[in-house]
Amino acid sequence: MSTTTNKPPVAKNMDVIIDIIGIGHSGEGVGRIDGYTLFIKGALPGEKVKAKVIKVKKTYGYGKLLEIVEKSEGRTEPECDIYNQCGGCQLQHMDYNAQLEWKRQRVTDNMERIGKLEGVTVLPTLGMDDPWNYRNKAQVPIGEHEGGLVGGFYAQGSHRIIDMDTCNIQHDLNNDLIREVKHIAQQLGISAYNETTHKGLLRHVVVKIAIHTNEIMVVLVTNGEQLPKQKHFVSQIRDKFNQVVSICQNVNTKKTNVIFGDQTKTLWGKDVIYDYIGEVKFAISARSFYQVNPVQTKVLYEKALEYAGLTGEETVIDAYCGIGTISLFLAQKAKKVYGVEIVKEAIEDARVNAQLNEMDNVEFAVGKAEEVIPKWKEQGVEADVIVVDPPRKGCDETLLQTIIAMKPKRVVYVSCDSATLARDLRILEDGGFRTERVQPVDMFPHTVHVECVTSLIY
Ligand code: SAH
């Protein structure tokens, strides 16, 4: 008796010529040889490439791009010199319009394959007019290399820090500040933290800019409480950048990859910076979460507001509300908004922000959305609109069943992963909702990520 095994049609170190037919989750080109999938970093759909097979697994393998035999029209020269080492962006070799089109296609594919939603309208991705320098927050690890202080990013697959002069998706002022703070630290003889020995002081430099007020906060994350030459450090930063209104130190003495420790002190200036999304004002502290692309955040929230269809009479629930950004945005047009979020500190920020905007029609609760919302239902809360903005893994099934039982007129689903979105839409559709449209919004140009706002009606 003979058994047949499906042997891969390629072997390690073999050179292959292959047509690229798609893009994988990390931005790699995807091609097939006799049904066997090869992932090739740097190759684009529509291209024919020559690659060397570098890893062979049972059902898929990896190839190294050697030569582009036929080039895609969507190919462009990456802006960053360090693009191949960094890994922060995955699509810089793809023209921006092609990126937007690919993101829309990926959402459509997930709707059909995972959600089994035939014919649902996926609108063209809303992109940026200028898709560069969009990030309002920079956080770079600091290390030492050949006696000098370096700061930038970890080399892919390792914890070796590569020095970075400029990141093209960062706000210009953030780049300038990071560069200057490294320079000042070096001049003052401040030591850099070493992960292996757990010695040295400066671990991370974090810079946040509020783009609507131009206020900047600098946070020095240190392995210990004492910051030598603190006064010089502060005055040199202030001398060079008059937009800096807050300089903080965060102490993190733990052996961990988590950036921040528990203790933050203000070395100079204010404890928070203020920013606006539309008309709503937000206080941002050293550790509070805030969306990193403020231009597109406004686009995203305006879509959510439009899809909520508010007239001023509605009761709205905002599940997974974070620091209450969407809740407050909706509260401008709703009778009452209830927000729920699992992180206690985020809810504390949300309450501060509600007060800051003198909004008294919002109420926040700490807890799991899937536990708190059924309780609200029992207490007689009737929602006209439910907004959800879950993390990548999507909504808890109990929450979806509660939404189905509550029968709000509208559901607005904000999602950062269209695969789990499609899975959850199927459940909501089976429960009587209809998906009206899906609007992809490009919150993170040059990366594989895509955010979607979806409107559903009952
Ligand atoms: N809507 C916010 C944040 C969305 S991110 C904004 O636009 O800024 C998703 C949030 O869900 C995170 O803040 C996370 O802490 C929270 N979260 C995760 N699991 C949760 C759960 N089971 N119940 C409630 N919140 C949860």
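Numbering of ligands and ligand atoms starts at 1, following listing order. Computed from a predicted structure; not experimentally measured.
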> Tell me whether E225 is salt-bridged to K265, with the criterion being a basic N under 4.0 Å from an acidic carboxylate O.
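Judged by the 4.0 Å cut-off on N to carboxylate O distance, E225 and K265 do form a salt bridge.
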
> Mind telling me whether H159 and Y154 have parallel, tilted or perpendicular rings, with 30° and 60° as the class edges?
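Parallel, since the angle between the ring planes stays under 30°.
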
> Would you say NZ of K270 has more than 12 non-hydrogen atoms from neighbouring residues, nucleotides or ligands within 6.0 angstrom?
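Yes, NZ of K270 has more than 12 neighbouring heavy atoms, counting only those of other groups under 6.0 Å.
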
> Residues in side chain to side chain contact (heavy atoms under 4.5 Å, CB included) with R75, at least two apart?
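So R75 forms a side chain to side chain contact (heavy atoms under 4.5 Å, CB included) with L44, E47, I68, K71, H93.
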
> Flag the pair D163 and K182 as a salt bridge only when some basic side-chain nitrogen lies within less than 4.0 angstrom of an acidic carboxylate oxygen.
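Salt bridge flag = yes for K182 with D163.
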
> Dump all N/O pairs between ligand 1 and the protein below 3.5 Å as a table: atom names plus distance, one pair per row.
from, atom 1, to, atom 2, distance (Å)
ligand 1, 1 (N), Y320, O, 3.1
ligand 1, 1 (N), D389, OD2, 2.8
ligand 1, 7 (O), Q291, NE2, 3.1
ligand 1, 7 (O), Y301, OH, 2.6
ligand 1, 7 (O), D389, OD2, 3.1
ligand 1, 8 (O), Q291, NE2, 3.4
ligand 1, 8 (O), Y301, OH, 3.4
ligand 1, 8 (O), T325, OG1, 3.0
ligand 1, 13 (O), E341, OE1, 2.8
ligand 1, 13 (O), E341, OE2, 3.3
ligand 1, 15 (O), E341, OE2, 2.7
ligand 1, 22 (N), E370, OE1, 3.2
ligand 1, 23 (N), A369, N, 2.9
ligand 1, 25 (N), I342, N, 3.3

> Indicate yes or no: does R410 engage E436 in a salt bridge with an N to O separation below 4.0 Å.
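Yes, charged N to carboxylate O under 4.0 Å.
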
